[in-house]
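Following: one structure in structure tokens, then a few remarks.
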Amino acid sequence: MRTSHLLSARRSLAGLATAAAALLALGAAPSAHAADPPLRDLAAAQGKVIGTAVTGSELTGTYGDITGREFGSLTPGNAMKWGSVEPTRGSFDWAEADQIVAFAQAHHQQVRGHTLVWHSQNPSWLTGGSWTPAQLSSLLQNHISTEVGRYQGKITGWDVVNEPFNEDGTYRSTLWYDGLGADYIASALTWAHAADPAAKLYINDYNVEGVNAKSTALYNLVKSLKARGVPIDGVGLQAHLVLGQVPATLQQNIQRFADLGVDVAITELDVRMQLPADSGKLAQQKADFKAVVGACAAVTRCAGVTVWGFTDSDSWVPSTFPGYGAATPYDESYQPKPAYYGIAEALGGSGGGGGGTAPAGGCSAAYTVTSQWNSGFTGQVRISCTGASLSSWKASWSFGAGQQLTQAWNAGCTQSGAAVTCSNISYNGTVPDGGSVTFGFNANWSGSNPVPAVSVG
Ligand code: G2I
């Protein structure tokens, strides 16, 4: 069941006579849009694939549920990088990569392999060695043959070469370029093709989303590789974007690569903002996600969009750009943000009411029954604020049909007669403008289990 999506939860619970979900918020009525299918189904209906970068160790619980339900493609965020798979020369660790591939297969998802040739996250034995060009070439060929060969038949597309250009369109000085010259790119593609002829082979870079010097250098490289008969199938536009800065030429740029005869994928989409998030920034972020996904949807040869982590709790942004974050479509409590609905809308969905779920200028509580059995049930309350914030909170309601609380988590709850009061724990008192906090509980019921009105203070 889609516990993270209030409106879907409402729909899937509709068959239960005694349980429902409600948005009962300081006098505000819930919005009345129909819920959309998962993003992967919306994308498939458009002939596109929506993917996410993932961390293997997190693929359980809610993170695993959302990953399996919403996305049609997975990219290991780090697990397939050289430094991850061969930390010591000749000694391989495929555990996380294997885990992600197995998860994808179990959930009928594609896998984008990331990445074979890069200047970063290489093992120190490699970067610290001193190699002749012949040795370097043979190390690279072995690496590509080993890794691509291991996953042969299981990878839809490989980011064979990652980030080969400087901003001005010249080649980046790297271990590979400095040692082997620009043709390391053609060699890598050729070796990858030999190891898995069916995999689509990509060159992937950032700041190549719009038409500019860097994307033009990539364009010229792809054109010359194709003219030489080098196996190149696609370009990856990473799309690590800043709020409100989707390049105006994005669709035009995607189209010019398509016209060269290669596929295009948006491979690492996120939209970072200065923290704290607020409703205006989240609305802009929704527009930005919608614009990027819409540009891909508009070009036949754009294969799809991968977000670089789907939850703010699993994003590279905060540690790399201090003061920035909230860059993904789900918040840290796995609740879909307006950006989620921006993606859905760009893929032809109604948006399910996202972007305006909380009333203006207040904090509200959404109470859902997430599962129910003959004598008990599990409930969840999500407190969210828009145009307001809280530094501590208390949620109260009345159990009108004799329900009895037995246990709570992420809140301290007491029940006296019918009256239930739940207060924050030391670690989750803050609800920022544009943010939310969720807590859960178990309770007993018999006869009926009506949804109470929850007030927040
Ligand atoms: O930097 C963002 C992305 C840019 N394009 C290529 C991608 O491969 C890259 O991904 C990020 C990962 O999301 C981060 O998770 O690449 C970073 C490294 O450049 C990754 O960060 C590393 C940290 O630097 C390490 O300290 C950490 O051990 O993640 C590692 C695993 O958590």
Side-chain angles (χ1 to χ4, degrees), residues 4 38-41 43-44 48-87 91-118 120-123 143-162 192 195-196 198-202 204 234 236 238-240 265-270 303-317 319 327-330 334:
S4 66
L39 297 180
R40 62 184 290 176
D41 297 345
K48 306 294 177 191
V49 180
I50 183 88
T52 182
V54 289
T55 303
S57 58
E58 311 227 341
L59 285 169
T60 63
T62 306
Y63 183 101
D65 291 347
I66 295 173
T67 301
R69 183 185 69 222
E70 297 287 339
F71 298 98
S73 173
L74 304 185
T75 304
N78 289 296
M80 288 186 172
K81 292 169 181 173
W82 199 333
S84 301
V85 301
E86 196 184 7
S91 153
F92 295 90
D93 181 356
W94 304 106
E96 189 190 350
D98 284 356
Q99 181 195 2
I100 292 168
V101 170
F103 184 99
Q105 292 190 325
H107 293 82
H108 310 290
Q109 294 164 312
Q110 299 181 2
V111 180
R112 295 197 86 259
H114 175 85
T115 176
L116 298 167
V117 192
W118 194 22
S120 182
Q121 286 180 287
N122 286 315
H143 168 64
I144 290 173
S145 308
T146 303
E147 182 152 1
V148 177
R150 180 180 182 85
Y151 296 108
Q152 188 258 320
K154 298 177 177 171
I155 302 285
T156 311
W158 272 105
D159 290 332
V160 177
V161 177
N162 198 34
D196 188 351
K200 299 269 193 187
L201 305 182
Y202 280 72
N204 189 49
Q238 293 186 6
H240 293 293
I266 307 292
T267 51
E268 305 184 13
L269 176 61
D270 50 27
V305 177
T306 290
V307 296
W308 204 243
F310 65 86
T311 160
D312 291 340
S313 66
D314 186 39
S315 167
W316 70 297
V317 168
S319 60
T328 80
Y330 282 80
Y334 300 124

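The structure presented is a predicted model; accordingly, all values stated were derived computationally and were not measured.
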field: Any side-chain donor near an acceptor of the partner, Asp196 and Trp158, under 3.5 Å
entry: no

- prompt: Considering only heavy atoms from C-beta outward, does the side chain of Asn204 approach that of Trp118 to under 4.5 Å?
  reply: no

message: Determine whether a donor-acceptor pair (N or O, by modelled atom type, separation under 3.5 Å) exists between the side chain of Glu86 and the backbone of Pro123.
response: no

- prompt: Is Glu70 reaching over with its side chain to a backbone N or O of Leu39, donor-acceptor style, under 3.5 angstrom?
  reply: yes

- prompt: Is it true that the NZ or CZ of Arg150 lies under 6.0 Å from the centre of Phe92's six-membered ring and within 45 degrees of the ring axis?
  reply: no

query: Does Ser319 use its side chain to pair, donor to acceptor, with the backbone of Trp316 at less than 3.5 Å?
result: yes

- prompt: Quick check: does any side chain N or O of Gln99 sit under 3.5 Å from a backbone N or O of Gly56, one acting as donor and the other as acceptor?
  reply: yes

message: Over 60° means perpendicular and under 30° means parallel, so tell me whether Phe310 and Tyr330 are parallel, tilted or perpendicular.
response: perpendicular

field: Side chain Asp65, main chain Thr60, donor-acceptor under 3.5 Å
entry: no

- prompt: Does a donor on one side chain and an acceptor on the other come within less than 3.5 Å for Thr328 and Asp270?
  reply: no

task: Please confirm whether the backbone N or O of Val54 pairs with a side-chain atom of Thr52, one donor and one acceptor, at under 3.5 Å?
output: no

- prompt: For Glu96 and Asn78, does a side-chain donor sit closer than 3.5 Å to a side-chain acceptor?
  reply: no

query: When you measure from the side chain of Ser84 to the backbone N and O of Met80, does any donor-acceptor pair fall under 3.5 Å?
result: no

- prompt: Between Arg112 (side chain) and Ala53 (backbone), is there a donor-acceptor pair under 3.5 Å?
  reply: no

query: Stepwise, does the side-chain contact (heavy atoms from CB on, under 4.5 Å) test hold for Val101 with Trp94?
result: CA-CA 10 Å; Val101 170; Trp94 304 106; over 6 Å; no

